[in-house]
Amino acid sequence: MASIKEKNISKYGPDDEISAKIAEIEVDPVVLESVKRLLQLLNNTLKSLQIYPKNNPLPKEFKKKLYVGLNEFLDSNDELKLDIESSQMMLDQRVVYEDGEREEGMSYILHRDGIRELVFLKGLDPGEIDDFIEVMESGLGSKELEEDLVTLLWEKDFNHIKYLVVDDLLDVQVPTAEEIPDSWDFHRLFSSEIAPVKQEIAVDLDPTALTQQEQTKELLKKLKEYSPEEIENIQKLLELDEGYQYLDEFFDILTEIWMVEPDFSEFDLTMEAVEKIIDVIITIADFSSASKIMGRLRKLEEMMRKSSSPSDSLQAKKAERTRQVIDRAGDEERIKKISQILNEKENIDLLSVKEYLFTLNWNSIPFILHMLRELKEFLARKMVCDILVAKGKDKLEIVKDGLSDGRWYVTRNVIWIIGGIGAAEGVKFLKPLVRHPDLRIRKEIITSLIKIPGPEAGALLVLLLEDEDKRIRSLACLGLTKRKERGALPALMAILKDEEFRDKSPDEKKYMIESYASIGRDEAIPLLVNMINRRSWLKRDKHNETRIFAIGALGLIDSIKAKEALLLLHKKRNKVLRNACEENLRRLELRQARGGDGRSRRESVISE
């Protein structure tokens with residue numbers, strides 16, 4: 001889940017880029033030491049809360065020192081911007097904090113949940129420090145959070161703490177086997193949502209830690225239903241060659257036998273044996289082998305159906321029995337077993353689990369959906385969401401059943417899945433939830449509606465402009481802007497014309513005005529100019545704030561008409577408005593220059 005991103009407009013023009021980079025390299029050593037002390041103080045505060053009760057004097061004293069120290073720093077520097085890496089925090093490319101060796105510390109939990117930049121701004125109050133520490137304490141204290149840190153931070157609605165989040169944690173490019181260095185700590189890799197953590201001690205980890213012989217012996221130990229003679233014969237066959245790819249070769253032979261088997265009862269007995277083998281392989285969490293078996297069974301079913309004919313129903317009968325084996329692998333009992341394994345065992349390869357679940361038939365969808373209730377680990381639930389997006393494209397009616405689940409996080413996950421599927425049909429399932437009492441549900445609806453095409457999704461986003469919470473209204477604006485939803489223009493115009501609009505919070509006003517400008521473009525200019533020219537003797541500060549935002553919105557419209565409007569407004573006597581016009585004309589000019597033929601910047605339009 002992504003937060004609203006804070007975007008800083010560069011203070012430098014093209015001619016000053018080299019000097020700006022040099023300035024960034026030169027970091028005051030006093031500032032570095034101050035930041036290191038502050039982050040160590042934050043770390044000590046969090047550790048004290050894990051040891052002592054909240055009302056103990058020690059954590060209270062740490063919090064007090066942290067608040068005083070941060071504000072002293074911000075009084076001199078205006079902001080503290082930290083880059084978040086998997087085990088470190090950086091200030092202008094300098095390490096200012098590092099998690100302890102093999103410790104899942106502050107950097108790790110922030111990076112794990114997609115946070116890449118953390119900013120503290122001047123004006124920080126004690127309540128914000130308390131809330132931030134509470135969120136961090138939750139992240140450090142449990143591996144089984146129902147929600148990620150981004151959501152917890154978003155709910156606090158900080159005014160002086162900002163953060164930058166990657167857009168979609170599920171769109172992670174997984175490296176190939178050849179690209180994975182030997183020194184990766186695979187346990188840490190699958191506990192992280194974004195990137196592997198670099199370890200100082202190299203781990204000599206053979207990807208095929210168990211040889212094919214060892215895997216086979218482990219399998220045979222579990223197959224007590226076979227007679228000793230059968231087990232001995234199978235083992236002798238498999239041990240003929242150490243490099244024997246027993247599953248591939250074994251199923252190549254079995255496929256040939258099954259295709260020509262004239263006796264259905266014999267075929268049925270071998271299918272029963274395959275069902276037992278699948279159960280055992282899942283029990284020992286060998287999902288990679290289970291995927292191979294399921295793939296072979298699907299291929300076998302297809303071959304048998306193609307070779308069947310009206311005069312010979314045997315092949316069709318065998319194909320149906322093969323399908324039953326695949327269906328059985330995805331039934332409620334076996335999916336519950338997978339959830340239990342994921343909750344109880346460590347170092348499970350989630351990629352192989354995902355591959356296995358993909359091979360199951362559609363009958364498994366309701367039970368895979370139930371995994372969202374049972375799985376404790378956040379990454380495992382995300383893996384299930386990814387599967388349901390792919391498998392639920394043609395089964396949206398089944399997927400939507402999860403929306404009625406009493407657990408808020410299951411409902412939120414299903415909303416995310418519907419958005420990932422991106423079918424216009426999904427809007428009718430989301431519509432009854434737009435007034436859901438849980439803010440997190442409404443937030444996820446906006447994220448999903450952005451991804452779903454069609455006017456119905458846009459209309460539902462417009463409805464959310466009337467939400468009781470300003471954060472939801474602001475997010476709805478951003479969603480409409482991203483969709484370029486022209487159907488929202490009448491609603492946005494009505495909001496901007498309302499007399500009470502000036503009393504809204506600065507953030508909400510800015511999002512509303514910019515959304516109207518970005519969607520309407522030249523069509524929006526008359527209302528924006530009218531807002532700027534309008535005079536008011538009441539609440540002048542709020543009115544002037546609105547006028548500044550309207551000027552900024554004009555600067556977002558890259559058109560001749562917008563430029564002409566700014567040039568006319570630049571002649572106003574009000575110095576603040578005049579300066580705002582000048583700044584936006586320069587930004588507009590700079591964007592046009594960068595998008596042009598690459599020549600040096602033209603003279604300022606102000607002097608034209």
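For the numbers below, each heavy atom of this structure counts, side chains included, while hydrogens, waters and symmetry mates do not. Starting from 1, each residue takes its place in the sequence as its number.
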Could you check whether Lys428 pairs with Glu456 (Lys NZ or Arg NE/NH1/NH2 to Asp/Glu carboxylate O, under 4.0 Å)? no
Sidechain-backbone polar pair: Tyr511 side chain, Arg471 backbone, donor-acceptor under 3.5 Å: no
For Glu523, is there an ion pair with Arg486 - N to carboxylate O distance below 4.0 angstrom? yes
Could you grab the distance from atom CD of Glu508 to atom CG of Asp503, nearest 0.5 Å is fine? 11.0 Å
Indicate yes or no: at least one non-hydrogen side-chain atom of Val150 is less than 4.5 angstrom from one of Leu153. no
Backbone N or O of His436 within a donor-acceptor pair of the Arg442 side chain at under 3.5 Å? yes
Measure the shortest side-chain to side-chain distance between Met136 and Ile133 over non-hydrogen atoms and say whether it is less than 4.5 angstrom. no
Roughly how far, to the nearest 0.5 Å, is CG of Asp83 from CD1 of Ile115? 13.0 Å
Are side-chain heavy atoms of Thr481 and Glu514 found at a separation under 4.5 Å? no
Between Cys385 and Asn413, the two heavy atoms sitting closest are SG-CB, 3.8 Å
To the nearest 0.5 Å, tell me how far Met294 CE sits from Thr359 OG1. 4.5 Å
Given Lys81, which partner from the list Val119, Leu164, Leu121 fulfils the side chain to side chain contact (heavy atoms under 4.5 Å, CB included) test? Val119
Could you go step by step and tell me if Glu485 and Leu492 meet the side chain to side chain contact (heavy atoms under 4.5 Å, CB included) rule? CA-CA 11 Å; Glu485 190 63 51; Leu492 286 168; over 6 Å; no
Would you name the heavy atoms of Leu388 and Ile421 that are closest together and state the gap between them? O-CD1, 4.1 Å
Can you tell me if Asn361 uses its side chain to pair, donor with acceptor, with the backbone of Asn363 under 3.5 Å? no
Main chain of Leu439, side chain of Asp469: is a donor-acceptor contact present, judged purely on distance under 3.5 Å? no
Tell me whether Arg373 is salt-bridged to Asp405, with the criterion being a basic N under 4.0 Å from an acidic carboxylate O. yes
Determine yes or no for a side-chain-to-main-chain donor-acceptor pair under 3.5 angstrom, with Ser308 supplying the side chain and Arg305 the backbone. yes
Not counting sequence neighbours, which residues clear salt bridge (charged side-chain N to carboxylate O under 4.0 Å, His left out) with Asp327? List them please. Arg323
Nearest heavy-atom approach of Arg473 to Met512 is CB-CE, 4.3 Å
Is Lys345 atom NZ crowded by more than 12 heavy atoms from other residues, nucleotides or ligands, each under 6.0 Å away? yes
With a 4.0 Å cut-off, would you call Lys156 and Glu134 a salt bridge? yes
Does the side chain of Ser107 pick up a donor-acceptor pair with the side chain of Ser87 at under 3.5 Å? no
Side-chain polar contacts of residues 524-531 - donor-acceptor pairs under 3.5 angstrom, sequence neighbours left out - could you list them?
none

Could you walk me through whether Ile513 and Phe501 satisfy the side chain to side chain contact (heavy atoms under 4.5 Å, CB included) test, starting with their C-alpha distance in whole Å, then the side-chain angles of each, then the deciding distance to 0.1 Å, before giving a yes or no? CA-CA 10 Å; Ile513 294 171; Phe501 177 72; 3.8 Å; yes
Do the non-hydrogen side-chain atoms of Lys318 and Leu300 ever get within less than 4.5 Å of each other? no
When rounded to the nearest 0.5 Å, the distance separating CG of Leu475 from SG of Cys477 is 9.0 Å
Could you walk me through whether Ser364 and Arg334 pass side chain to side chain donor-acceptor pair (under 3.5 Å), step by step? CA-CA 10 Å; Ser364 65; Arg334 281 152 189 84; over 6 Å; no
With no hydrogens and no angle check, is any side-chain donor or acceptor of Arg483 less than 3.5 Å from a backbone partner on Leu449? yes
Picking from Arg502, Lys509, Lys510, Lys504, what satisfies side chain to side chain donor-acceptor pair (under 3.5 Å) with Thr546? Lys509
Crowding at NZ, Lys497 (>12 non-hydrogen neighbours, <6.0 Å): no
Please determine whether a side-chain nitrogen of the Lys or Arg among Arg298 and Glu302 lies less than 4.0 Å from a carboxylate oxygen of the Asp or Glu. no
Would you say Asp522 and Ser559 are linked by a side-chain donor-acceptor pair, where the criterion is simply a distance under 3.5 Å? yes
Is a side-chain donor or acceptor of Glu117 paired with a backbone partner of Leu82 at a separation under 3.5 angstrom? no
Side chain to side chain, Leu396 and Phe429, heavy atoms closer than 4.5 Å: yes
Between Gln315 and Ser307, does any side-chain donor sit less than 3.5 Å from a side-chain acceptor? yes
CD1 of Ile84 to CG of Leu118, rounded to nearest 0.5 Å, is 5.0 Å
Worked check of side chain to side chain contact (heavy atoms under 4.5 Å, CB included) between Glu128 and Asp131: CA-CA 5 Å; Glu128 289 180 294; Asp131 285 344; 5.7 Å; no
Between Val462 and Ala491, the two heavy atoms sitting closest are CG1-CB, 3.6 Å
Counting distance only, does the side-chain N/O of Ser448 pair as donor-acceptor with the main-chain N or O of Ile418 below 3.5 Å? no
Looking at Arg321 and Glu275, is there a salt bridge between them, counting it only when a charged N and a carboxylate O are closer than 4.0 Å? yes
Considering all heavy atoms, the nearest Val165-Asp113 contact: CG1-O, 4.5 Å
Note, Asn584 side chain near Leu554 side chain (heavy atom, < 4.5 Å): no
Heavy-atom closest pair (Asp558 atom, Arg521 atom, distance to 0.1 Å) is O-NH2, 3.3 Å
Strictly distance-based, threshold 3.5 Å: is any side-chain N or O of Asn343 a donor or acceptor partner for the main-chain N or O of Glu374? yes
Using the six-membered ring wherever Trp is involved, compare the ring planes of Phe287 and Tyr356 and label them parallel, tilted or perpendicular (cut-offs 30° and 60°). tilted
Let me confirm one number: the CG-CH2 distance from Leu372 to Trp416, rounded to the nearest 0.5 Å. 11.0 Å
Would Asp286 and Ser288 count as a side chain to side chain contact (heavy atoms under 4.5 Å, CB included) if you check the C-alpha gap in whole Å, the side-chain angles of each, and the deciding distance to 0.1 Å? CA-CA 5 Å; Asp286 183 3; Ser288 180; 4.0 Å; yes
Looking at Phe132 versus Phe120, is the centre-to-centre ring distance below 6.0 Å? yes
For Trp154, is the NZ or CZ atom of Lys443 found under 6.0 angstrom from the centre of its six-membered ring and inside 45 degrees of the ring axis? yes
Quick one: does any side-chain atom of Arg116 pair with a main-chain N or O of His111 as donor and acceptor, under 3.5 Å? yes
Lys NZ or Arg CZ of Arg381 over Tyr409 ring: under 6.0 Å, within 45°: yes
